J.: 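Dropping a structure here in structure tokens format, bear with me for questions.
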Amino acid sequence: MDIFSLKNRIIVITGAAGLLGRQHAWAVAEAGGTPVLLDLSQAALDDFSAEINSRFSCDCSGRAVDITDEASVKAACDSILSRHGKVDGLINNAANNPKMEASGTTNFSRLENFPMEIWSNDLAVGLTGSYLCTKYFGHAMAKNGHGGSIINVSSDLGLIAPDQRLYRNENAASDQQPVKPVTYSVVKTGLIGLTRYISTYWADVPVRCNAICPGGVENGQPADFMKEVISRIPMGRMARKDEYKGLIVFLLSEASSYINGAVIAADGGRTAW
Ligand SMILES: NC(=O)c1ccc[n+]([C@@H]2O[C@H](COP(=O)([O-])OP(=O)(O)OC[C@H]3O[C@@H](n4cnc5c(N)ncnc54)[C@H](O)[C@@H]3O)[C@@H](O)[C@H]2O)c1
């Protein structure tokens, strides 16, 4: 089963201090690779990289990088190349989780009310950030002599529209109902376009690029909401946060050497219904 090994692989992970980013980093280290963590807070990354290094014998490190800022992404790439000499993988995982209003506050999530500032920021992190990381880390992979693997973290909502009935507030008028913001669908669908573009761009090198479309992770959501969500999932439950680790290791490793440009749903069957 050596084909699943990430031994000697340098894997850059964005949003690595978040709920799923931590799982991706842990999976890389468990498979023998070296996770390189990018997120906004250096303190959070230092704590987490120390935790990984004390559990696994790897040279995990973290860098505070705002992935929307090209100069910062370029500087991070230069510093990673000088420390490790190469990059073998990239997980474009960071994204804003668009906020929705608490009950009783003025509606901003509806399309008619949605502020330009939130639109721009959500696209900057989810799309521009993924593009910039692909530009620098993908280019580094393209030059390293054996290629690499890029994973774009889309969502089940990159494949289907949000079911806005899930977010219904019985106390709000119909033109004030909260909704999942439009940016989530645009970012997650846009990442599938980026995936297809990159999967052909460096295919000869080869740098492979695939998208994963995870379903929602159970993370303390209110019981009423959970009941409604679960009724739309054939497997009858949300995901555990560690249930994407296998897919991440598979797509980064030689086990998936002929998988390129794929869009892989991992959603308990939600988008099959
Ligand atoms: N959690 C879920 O249920 C779920 C389901 C489907 C898809 N996803 C996707 O998985 C990915 C991770 O989700 P999560 O739940 O771990 O989110 P999260 O909010 O816990 O983590 C996102 C991380 O990205 C970081 N980040 C935000 N802006 C950044 C920037 N400009 N530069 C660098 N880092 C930045 C944040 O600091 C945070 O640590 C996201 O793309 C999300 O859309 C999550």
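The chain is numbered in sequence order, starting from 1. No experiment lies behind these values; they were computed from the predicted model shown. Counting starts at 1 for both ligands and their atoms, in listed order. Basis for what follows: all heavy atoms, side chains included, without hydrogens, waters or symmetry-related copies.
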J.: Determine the interplanar angle of the Phe225 and Tyr167 rings, folded into 0 to 90°, and report it as parallel if under 30°, tilted if 30 to 60°, perpendicular if over 60°.
T.: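 Phe225 vs Tyr167 ring planes: tilted.
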J.: Kindly indicate whether the side chain of Leu6, heavy atoms from C-beta on, has any atom under 4.5 Å from the side chain of Thr34.
T.: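 Contact flag for Leu6/Thr34 side chains = no.
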J.: Should the heavy atoms of other residues, nucleotides or ligands under 6.0 Å from CG of Asp175 be counted, would the total exceed 12?
T.: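 Above 12, so yes.
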J.: Please check this pair: side chain of Thr183 against backbone of Trp119, looking for a donor-acceptor N/O pair closer than 3.5 Å.
T.: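 Checking the backbone N and O of Trp119 against the side chain of Thr183, no donor-acceptor pair under 3.5 Å is found.
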J.: Taking only heavy atoms of the protein into account, state which residues are under 4.0 angstrom from an atom of ligand 1, in chain and number order.
T.: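 Protein residues near ligand 1 are Gly15, Ala17, Gly18, Leu19, Leu20, Asp39, Leu40, Val65, Asp66, Ile67, Thr68, Asn93, Ala94, Ala95, Val125, Val153, Ser154, Ser155, Tyr184, Lys188, Pro214, Gly215, Gly216, Val217.
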J.: Tell me if the CZ atom of Arg237 is crowded by more than 12 foreign heavy atoms within 6.0 Å.
T.: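 More than 12 within 6.0 Å, yes.
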J.: For Asp163, give me all partners under salt bridge (Lys or Arg N to Asp or Glu O under 4.0 Å), at least two apart in sequence or on another chain.
T.: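 In terms of salt bridge (Lys or Arg N to Asp or Glu O under 4.0 Å), with neighbours along the sequence ignored, Asp163 is linked to Arg165, Arg232.
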